[in-house]
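Below, each value reflects all heavy atoms present in this structure, side chains not excepted, and no hydrogens, waters or symmetry copies. Residue numbers start from 1 in every chain, and the chains themselves are labelled A, B, ... in the order their sequence lines are given, proteins ahead of strands.
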Number of protein chains: 2
Amino acid sequence: MNDVDSVLYSVDPVIFTFHKSELSVLLVKRQIEPYKALWGLPGGRVDKDKCANLAEALKLKLKQKTGIDQLFFEQLETYGSESMDPRGWSVTTAYLALTHEDELSFASLKNTEAMMWMSLEDVEALPKMAFWHRKIIRDAFSRLRDKSLYTDLPVNFMPEKFTYPALKSAYEKIIGVEITRQGFARRMNSANIFEDTGEREEGKNRPSPLYRKSQRGGAYVFPGLIKGVKNDK
Amino acid sequence: MNDVDSVLYSVDPVIFTFHKSELSVLLVKRQIEPYKALWGLPGGRVDKDKCANLAEALKLKLKQKTGIDQLFFEQLETYGSESMDPRGWSVTTAYLALTHEDELSFASLKNTEAMMWMSLEDVEALPKMAFWHRKIIRDAFSRLRDKSLYTDLPVNFMPEKFTYPALKSAYEKIIGVEITRQGFARRMNSANIFEDTGEREEGKNRPSPLYRKSQRGGAYVFPGLIKGVKNDK
DNA sequence: ATAATAGTGTCTTTCAGACATTATGAT
DNA sequence: ATCATAATGTCTGAAAGACACTATTAT
């Protein structure tokens, strides 16, 4: 391989979840230079011997860092620059990944890196992050917010069975506006992408039905955007 | 630089234009191995000495291949695999670029590679293409079609001054359905992104006004999708 | 005058927001 | 019985499709 034709390359997943009701990102504290001791994304080099393609490389990375083999992800954007990494011209492909916190147990981790869920608010408050990871996280959040206005992307934050109020709350926290309960239910029902499990949630008052995403696979695109913004009294 | 940490890397623009009224892609016939003598995208390695980042690398590539320095582009997707390039694990970042054919003159090209505009139909008819370029072109077209349903992306195919019928025709060829003349004009007018130059096109019958995109910069997102499909009688 | 195409206005449909009313389950 | 929340149905508004009718220019 020729130096002229190659670049330092890595993949960087931005893994979002709701941790303590706050939209949060999985970060690791770097143990080595460059950017040692700073927080960054749980990415890294592609293990070319074990991975036949980029998607496999990302899956391996997710498995290594979180212990889960199945979690939703999609490619976000590729960043490349001579200044991003002090070791030279480098390129990184960022991915947006979503999971329910329960699916991930830190106990299953085999490495010893310091890891944590950090809320987006706390990420913004960090004085410095590794590489371009702050920008990448912002871009990932923008993508998540934009696509949540017209797709069912936020169901990927839910466990297998979930209630409409739980999903609605995820939508609201992502897009930053409130949705009426009735309008939300109508939007979801008319999409025909969920099935009622027949079960009900536990707790007080009238319980919500537990739904499940019926057809595995593709993202659903709603006919219109979520526009509105008013609170249900 | 360590071989373990780096990969073969390139950028590949998919440059669309309307050539002889057909949506077409700029292709070059490869002069060297691998895939010698096959048609492929006009991409290549990043010149790390001349480019500080990926966008610059892409601009340089576009300038070298087409002779234009300003043309619209956006990042499409990054592809990586051990099998894409016989020389080893490689990664390429594809870009979607749009231009009006007039802006590009083959005469301005300094290199000697065989180049041509090939219609998408002819691309599909090719028995074989270099690398994963056929898949990349298909993905680029999908992105173009999808985004044309809710953005003003197709104005990037227009020269500076253009008529609504010309723009409408571009939309129709991209999305594959017809739009009513009146609905199209209403959609464009209500977006408030074009200004009437006061000039009229030349030709027969009642001439159309020539419009110009008023604010340079961002892509416009329409409030709703183009859905419908019926011909104006 | 005629043909071709541009511009205007109205009706319908779809879908989201608002909101009132009814239903259900925990206490 | 009361309260909280879920379900249902109606009204409004925005925006796209359909289409009739008028306006303008070349021939």
Could you check which of dT5(C), dG17(D), dA6(D) has an atom nearest any side-chain atom of I226(B)?
dG17(D)
For atom CD of E201(A) and atom P of dT24(C), their distance in whole Å
17 Å
Please give, in whole Å, the distance from dA6(D) P to L210(A) CG?
12 Å
Rounded to whole angstrom units, what separation is found between the CG atom of L225(B) and the P atom of dA14(D)?
19 Å
When the nearest nucleotide of DNA chain C is assigned to Y211(B) and to P223(A) on a heavy-atom basis, which residue is associated with the more 5' position?
Y211(B)
Please identify which of these residues, R212(A), K161(A), K213(A), meets the salt bridge (charged side-chain N to carboxylate O under 4.0 Å, His left out) condition with E195(A).
R212(A)
Does any pair with a residue in residues 115-132 of chain A pass salt bridge (Lys or Arg N to Asp or Glu O under 4.0 Å), and if so which ones, sequence neighbours excluded?
E124(A)-R138(A)
Taking atom types as modelled, find out whether T17(B) and S24(B) have a side-chain donor-acceptor pair closer than 3.5 angstrom.
no
If we fit an axis to the first five pairs and another to the last five of the helix from dA1(C)-dT27(D) to dT27(C)-dA1(D), what angle do they make, to the nearest 10°?
0°
When you get a sec, tell me which of dA6(D), dA16(C), dT25(D) is the closest nucleotide to the side chain of R206(B)?
dT25(D)
Is any side-chain N or O of R181(B) under 3.5 Å from a base N or O of dG7(C), one able to act as donor and the other as acceptor?
yes
Can you give me the closest heavy-atom contact between S148(A) and P154(A), atom names plus distance?
OG-CG, 3.4 Å
Are more than 12 heavy atoms, taken from residues, nucleotides or ligands other than K59(B), located less than 6.0 Å from that residue's NZ atom?
no
Closer than 4.0 Å, any side-chain N/O of R187(B) to the OP1 or OP2 of dA16(D)?
yes
Any residue of residues 142-150 of chain B with a heavy atom less than 4.0 Å from an atom of DNA chain C
none
In whole angstroms, how far is the P atom of dG7(C) from the CE atom of M188(B)?
14 Å
Nearest-angstrom distance from the residue atom CD of Q182(B) to P of dT5(C)
13 Å
Do side-chain atoms of E172(B) reach the backbone of I179(B) as a donor and acceptor pair under 3.5 angstrom?
yes
Is a side-chain donor or acceptor of R187(B) paired with a backbone partner of G224(B) at a separation under 3.5 angstrom?
yes
Tell me yes or no: between the side chains of D12(B) and Y79(B), is some donor less than 3.5 Å from an acceptor?
no
If only side-chain N and O atoms of R186(A) are considered, is one of them under 4.0 Å from the OP1 or OP2 phosphate oxygen of dA16(C)?
no
Pick the nucleotide of DNA chain C nearest each of P207(A) and P207(B); which residue has the one closer to the 5' end?
P207(B)
Can you tell me if T180(A) touches the phosphate of dA18(C), counting only side-chain N or O atoms and a distance under 4.0 Å to OP1 or OP2?
no
Between the main-chain N or O of G40(B) and the side-chain N or O of H133(B), is there a donor-acceptor pair closer than 3.5 Å?
no
Of all the choices, dA7(D), dA16(C), dG7(C), which nucleotide is nearest to the side chain of P209(B) once you look at every atom?
dG7(C)
Rounded to whole Å, how long is the line connecting atom CZ of R200(B) with atom C1' of dA6(C)?
9 Å
Atom CD1 of I179(A) and atom P of dC19(C) are separated, to the nearest Å, by 16 Å
Any luck finding a side-chain donor-acceptor pair between T78(A) and T78(B) under 3.5 Å?
yes
Assign G224(A) to base, sugar-phosphate, or nothing according to its heavy-atom contacts below 4.0 angstrom with the strands shown.
sugar-phosphate
Of the listed nucleotides (dT5(D), dG17(C), dG9(D)), which one gets closest to any side-chain atom of N205(A)?
dT5(D)
Atom CD of E178(B) to atom C1' of dA16(D): distance rounded to whole Å?
17 Å
